[in-house]
Amino acid sequence: MSEHLISVTDLHVGFSTRRGAVKAVRGISFELVPGATLGVVGESGSGKSVTAYAITRLLDRAGEITSGQVSYFGRNLGSLTEAEMRRLRGSAISMIFQNPRAALNPIRCVGQQIADALNAHGRLTRAEQRERTLQLLRDVMLTDVERIFRSYPHELSGGMCQRIMIALAIACEPKLLIADEATTGLDVTTQKVVMDLLSSLVAERGMGLILITHDLGLAARYCGEIAVMREGQIVEKGAVDTIFGHPRHEYTKRLIAASPTADSTIEDLVPEGEAERFAAPAPMKVSGAPLLLEVRNLSKNFSGFAAVSDVSFTLAAGESLGLVGESGSGKSTISRIVTRLLDKTAGEISFKGESIGEVPATRFNSHRARRDIQIVFQDPHESLNPRYTAFDSIAHPLRTLEKSLPREELNRRVRECADRVGFPAELLTRFPHQLSGGQKARIGIARAIATRPSLLVLDEPTAALDVSVQAIVLRLLDNLRKEGGLAFLFVSHDLNVVRMLCDRVVVLQAGKVVEAGRAADVFMKPTSEYTRTLLQAVPSFSFRARAKVESPVEI
Amino acid sequence: MSATVQHVVWTIRANPVTGVAAAGLAVLLVLAVFGPWLQPHDPLASNVSMALLPPSSQYWAGTDQLGRDIFSRLIAATRLDLAIAASAVSLSFLAGTFIGSIAGYMGGRLDRVVGSVVDVLMAFPLFVMAMALVAVLGNRVENIILATAFINLPFYIRFSRAEVNARRGLGWVEAARACGDSHLKIVLCSLVPNILPAMAIQVSLNLGWAILNAAGLSFLGLGITAPTAEWGIMVAEGARFILSGHWWLVAFPGAALMLTVLCFNLLGDGLRDILDPRMRT
Amino acid sequence: MRLHRRDYLRGAGGAALSALMAKHSNPAAAQSRANTLRHITGATISSLDPTFQGATRESLPLSVNIYDRLVSMGRRQGPHGFIFDADNLRGELAERIDRSSDGLTFTFHIREGATWHDGSPVEVQDIKWSLDRAVTARSFAKAQMAIGSQTSTDQFTVVGDRQLQIKLDRPNRLALLTLSVPFLPMFNSKLAQRHAGSDDPWAINWLKDNAAGGGAYSVESNRPGQQVVLRRNDRWKNGPDGALPFFQRIIIQTVPDVSARVSLVERGDADLTLDAAASDIPGIEQRGRARVLPITQTNAFQCVSFNVRTAPFDDVRVRKAVAAALPYDDMFTAAIFGRGQPLYGATWSEPPSPSVFQPMPNRTDLEKARELLREAGRGGGFRTTFSYPSSASATVDPMAALIKESLARLNIDVTVQKMPDAQFTTMLVERRLAMFFDFGTSWLTPSDYIASNFYSGPGRWNSSGWNNPEMPGLIEQARYETRQDAYDDTVMRMVRHIRDEVPVVLLWHPSHDAVVGRDIEGYTYWFHRGADYRDLRRA
Amino acid sequence: MRGIVRVSSRIAHRLLASLPALVGVLVFTFLLMRVLPGDPAVFFASSPTAGPEEIQQIRVSMGLDRSIPEQLVLYLRDVLTGNLGRSMSTGQPVATDLAQRLPASLELTLAALVLALACAIPLGVMAALRPGSAVDHGVRLLCSIGVCAPTFVCGLVLIYVFYVVLGIAPDPTGRIGAFDAPPPDITGLLLVDYALVGDFESWLSAVSQLILPAVTMALFVLAPLARMTRASMLIALGSDFIRTARSVGLPPFKVIVGYGLRNALLPIITITGVVFSTMLGANVLVEKVFAWPGVGSYALDALVSSDYAPVQGFVLLMAMIFVVVNLTIDTLYGFADPRVSLR
């Protein structure tokens, strides 16, 4: 009997694809003692999730452990039969997944799902099952457990679903819990509640925890040890202070630099070498600029539900305004209305002194202000027409909004835009599915600036990107604004990003403005309770932030 | 582009049935186009003294009641059957996709109206409807095509409506509007091309179905009129001879019908695999 | 389910249900196979009253088994089975018929002891009511009676307890014969009148679904379009020799597929089916599991008809050209497999017999056809259509192909049109067809009757719309002609007109092709082309 | 309980919403029938002696002498009072005919559907468990062959093989063996009625009459059902909650059937509804071939003879069944999927 809860030795995992075998995990080793917490961090494709599935042998059909060994208290999991392995799952090793609502069976009431898990690992009477389930629901700090027992996942909030997921995972008292991006996609405040709960449960029960995340702040806040993964390998591992305080590996350093913190600046995000690729920023000249956009008393109702109510703000030429808030705060709706893709219910929008709010969205496409207001969408994957090449996507607004552009001129303009966003000209003939996320994001931006607009609405332009890519894109955006005199309306849930990029900020909650002002003021001296809560919930790996954690996890 | 070719090759290799179906379709197309040069006999020339001969080296598939060469008639029928299926399906495809995608994109009242019209059409027993239409219009080839197209229409409308509806909220559709495209242009130039792959599957399955539909109409005497060579009517005529033991009259056209429909079906499945984005890496 | 049933029993239907269940468990319900005849038909029986306007053709023969008529034709042995004999009339419900010497009065003596199905005796008032109904009610009988010069209720008088007289105003060859067709059933008037209403004095609606007869069989059950079951009326004594029919129970079932019908008989599951497909017959004969009775339907014909009222077939030369271009022998072989009797290919220049149904001097002669077309100024050919109803497609599909092919040699481009039966009939009646397939059956065989139906008048059966000015006069003359030689002479003149103007090209008498089980005997071909179950017995 | 409230308000809503569709069907069929080129009066006045006078009489008795709008109004009024007119070919009120024949069609369709589902679901699940394997290809081929054989050919071949050659099937002459007594008319579904009166022998005989036509129809719908099962099963098995279920160690059967199939059933229910309505309308050919006394062959005969009323009645009936089936599907869906909301 080893004292290691889990030990992974030289694990290799391969996937057979039609293009041949792909090595997703290439010889990683680590071990965990009971009660320890390990954070596995890395960007997408680094193999961190695959590692988790390899441990529980839940890899999908194409995946296979090609060599190496996973031992649970010295017991080689690879030698177990599927039936034996099944008995270990849930009772020895459990997992918590991203997107808790999808991870629960949508047509079975949640209590029953927990009972199913209990039932799979022991003979209990119906009453016992029910009693245990209710107790578990109480354990994950849910109230009104009788009602929740009978509820279906769609009737519960994301945070509640994730707590149920946790209850499900700990139902059979496993010794190891693997949380795979368990809070990604949840609002920051919810994320904090769930993570606090998870870490206290783990601590109480003496379980081991492997926390897989792309968010360095999260790992720093809740883990004792950190392993940084990249391309299927662990590049660096050690105690949390060591890794974040004194990173040795180049990649770790880059990752840390790219992660926005409460005090980082745009320039901090990208290492020196890469920053050179951008033209030197021209000095900003904001003060005294003419008013570009004025939104007064804007409201929007969706069949009775007020998504936006009475929101007003202004934006000067060349200025950058951030709209922040959690999901459902109405920030995306505002961005659509300002871009004139959506009609308002009430209020006024004037752009360059002209009221554009009255022009129906259906007819705005032929309005002369169309080319002046452009938008960059949230998800670069779905904001590009799958049947357009990169060139077509960038040329699209030029073709429609600047008709009779001669062919050479069009070519020139497209190339110029591509160049400005740092998109390689040789990739212009590619289709979206042949491009990386960062490249797609660049095309989205290039398309938006192709008609040389004066207002660019950015709707969470980096939310779907890895931090290192996000860093580059943010830097790019910042440069574009500074050199092009563009005004930004920047919509984001990420407070750190907004703080870095915006001059002023408007904080929204449930469609209403709760606070507005200069970015620095709002973040340093928030006046509303809500802003304070938001700021507090943001995890950060900087040691200052770490010191502020109220209930530090015992390691 | 070469990636697409690779993808197709890979899919066919993973699923050889699709390859076979594609080859079968190619053979059918060759027969349809070059049929008149490939027929060993005149498909319409009767020779009553040679009636009901079993398959032999002279008449590969035997002869029918009038001594016509069944093999030649099979080949001659290929063109007609494929033409009926292709025109019926393209008609309903064009009309259905147009109506459906506009309704699906615009939403609102137009969508509801289209939706309820489709409901009305779907509520009809469709085969009986086709029969009634042919009976009303007269059983000429163009009317059979029209009737087949008409009863297919609701499926295309519904399908394209759903497909467009699923995409209308996507970023690139909004982006197209931000780029200054009108709604009509977005539907026709952006959305329709994007739902084409999904529609292609439908079309392929439908082609087979259209052939069966025409054959069923012929069987009931509401289809193509003799002496035109058409598989359905050949089966219907041949069915009269099953009991008397002249199996080749029904077996060969029946097999031709089945194999053709099979080709289209398997091809549809194959297309589904080829075009399924989840299968792509 | 149990609950459901209990609810049902509690309700008003409870009594009915228990009755049904009692019947269901009754072993008598399962009659022995030997005493039961199972007849499989392709068509639907829509009415038990044959005179109902809208009754399908198959409804008419059925009525013969349920209802007696006053008179009935006899039968004679033919080469392949029995065939009806119009020259041998016998009384059915009438025991004796007296004909006055001037041929104007018929006296019917009702059979002694005859009863209706309900046991009540047949009275002369019933006969009077039935005849009155035939000339008064809106039914198919009215026109039939007119042929026999019976148009008014005044012509029928009760002259005794069991005697009834029919008076004519002039002698009519068909007066008595017409009473033998299925349109003249004798009803149990007391029963029928109980179900008559003020708006329906002749009980048309009730009789459609209910039988009020006294024939050899009564109706046990009737599911229109699916199945009729008949039960023998053991009190019946109106047959030729007073004997009861052999079969106690008759099941008539509708099976649309013709080959399936034949296999049922071949496998012994059924005993009788009519009008087998010509293509199936060689196989049936070869296997020998059932017998095919290839009786020529001498009162029926198939033909190619022209619309003589519109171009190009308004020109007799064009009609003659087509008549000379039809591939008769090939059609005879391929379409009906040589089963039937040709009505083409004769060589006479003067009609050899006084009959409208006889082989006509039409032969395939393309040279002559070309010549005629040239004379008509259509040497370059023309476009036309050949139409037929889809129910006839088994026969006409191959014919159409041959006709199209053959006429193409005269540069006549024929478009083949197969259409639903209703559409075909409508277009025919509206004279919107050009050249088409047609067929006909004449219940009564005197030539004047045939000519009046098929060669004159505005009716549907004068399919060509031929309107020879002399024909109506000749028909009239023949009908009331009492001398045989003068009658024959008149018929010859009709035949000459038909030959000269070719309104239709007669093809052949088709074969009846009844398929019966090997142990079934006595099958008779009747003019109404249906089965008379009274004739049949199991060996 | 919440489910019942939710579902019943859904039903009410859907019933109301389907009314315009029904009226549309009525009017459209009516007009379509009126432009049929056949004149029913002419067709039925086929007696040897029929002349223009008889034709006119029949026309008046059928109400065909009035103008079309007038006929439409009269027809709609009749339909509201439950009078669907009278069939000229059977001479019965259409409503009676349909009521008598509908159980036959329903029984056949239901039997075929049950048969098809009983084969399609296991086949689809098997295929989905090993996509791309020989089993998967085999299932696909089997289904494709089923769907590409025209039903009438299929039916004829089955009759030829099992009745004519092998002699193991009963004669293809409808629902009841010729020498069996019909059961009391309780539900009209023979299998149910025979079972209710406990006549086991006749029940077996009715089953044997049902098998061939049911198989013919089942073959035709096997493919869409199996395909849908496979596809939705693949989606279900690939979804996150299956991974969750496996990660807590649920036994494989529970995972595949209890979690996977149970979720995959939702689209299968939908397609089953579609298939059922299509089958009811499309079994014309099967009923024809097997002499099945259902509504399809009834409508077909009526159509050929331009007998308006039965065709109109049939289409209306089918439309109503379509609505009812959709409702049933909705209801099932509402119970099966708690996410279906009131809309």
Side-chain angles (χ1 to χ4, degrees), chain A residues 49 52-53 55-62 82-110 112-122 150-155 161 164-165 167-172 174 177-178 180, chain D residues 1-7 126-133 135-136 230 232-270 331-343:
Chain A
S49 287
Y53 293 126
I55 292 172
T56 48
R57 283 186 33 198
L58 283 174
L59 290 168
D60 66 29
R61 200 177 304 279
E82 181 52 36
E84 288 168 329
M85 191 65 215
R86 178 184 75 70
R87 260 172 260 132
L88 281 187
R89 287 188 205 121
S91 64
I93 308 172
S94 266
M95 291 185 76
I96 301 171
F97 303 98
Q98 184 178 358
N99 195 358
R101 201 171 274 145
L104 292 172
N105 189 342
I107 59 169
R108 201 162 170 79
C109 60
V110 294
Q112 201 55 51
Q113 295 186 48
I114 298 174
D116 282 343
L118 290 171
N119 210 21
H121 295 287
R150 289 192 316 269
S151 300
Y152 294 96
H154 72 279
E155 297 168 325
C161 282
I164 285 155
M165 188 65 232
L168 188 60
I170 63 172
C172 297
L177 200 58
I178 304 176
D180 180 12
Chain D
M1 283 311 105
R2 282 181 303 159
I4 291 171
V5 172
R6 190 180 60 211
V7 168
M126 268 160 55
L129 284 178
R130 307 191 168 278
S133 68
V135 178
D136 187 18
R230 177 183 181 270
S232 58
M233 198 60 194
L234 271 180
I235 292 173
L237 288 179
S239 40
D240 288 359
F241 62 85
I242 290 290
R243 193 182 53 191
T244 309
R246 293 178 66 203
S247 81
V248 294
L250 294 194
F253 183 81
K254 180 93 184 169
V255 173
I256 292 167
V257 177
Y259 277 54
L261 186 59
R262 185 70 176 67
N263 272 278
L265 272 183
L266 298 172
I268 299 176
I269 288 176
T270 314
T331 316
L332 282 178
Y333 216 106
F335 284 118
D337 187 350
R339 287 167 296 181
V340 173
S341 67
L342 217 164
R343 240 186 337 128

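Every heavy atom of this structure was used, including side-chain atoms; hydrogens, water molecules and symmetry mates were not. Naming: A, B, ... by sequence-line order, numbering from 1 per chain.
Residue pairs satisfying the side-chain hydrogen bond (donor to acceptor under 3.5 Å, both in side chains) criterion with at least one member in residues 90-105 of chain A, sequence neighbours excluded, are listed as follows: A:N105-D:N263.
In this structure, chain A has no heavy atom under 4.5 Å from any part of D:I242. Proximity to chain D is absent for every atom of A:R87, based on heavy atoms less than 4.5 angstrom apart. Contact of A:I93 with chain D is made through the backbone alone, with heavy-atom distances under 4.5 Å. For a residue to count as touching a neighbouring chain, one of its non-hydrogen atoms must lie under 4.5 Å from one of that chain's; by this rule D:S239 does not touch chain A.
Note that CE of A:M85 is 10.5 Å distant from CZ of D:R246, once rounded to the nearest 0.5 Å. Between the CD1 atom in A:I107 and the CZ atom in D:F241 there is a gap of 7.0 Å [rounded to 0.5 Å]. Atoms OH and CD, from D:Y259 and A:Q113 in turn, are 4.5 Å apart once rounded to the nearest 0.5 Å.
Annotation: maximal heavy-atom pairing with chain D below 4.5 Å, among A:A102, A:A117, A:C109, occurs at A:A102. Ranking A:H121, A:R57, A:E82 against chain D, the residue ahead of the rest is A:H121, based on heavy-atom pairs under 4.5 Å. Taking chain D as the reference chain and counting heavy-atom pairs below 4.5 Å, the highest number among A:D116, A:T56, A:L104 is found for A:D116.
Remark: A:R86 engages no residue in a salt bridge (Lys or Arg N to Asp or Glu O under 4.0 Å) (not counting sequence neighbours).
For the pair A:A120 and D:G249, the tightest heavy-atom approach, listed with the atom from each and the gap, is CB-O, 3.5 Å. Closest non-hydrogen pair, D:T244 versus A:A103, comes out as OG1-O, 2.6 Å.
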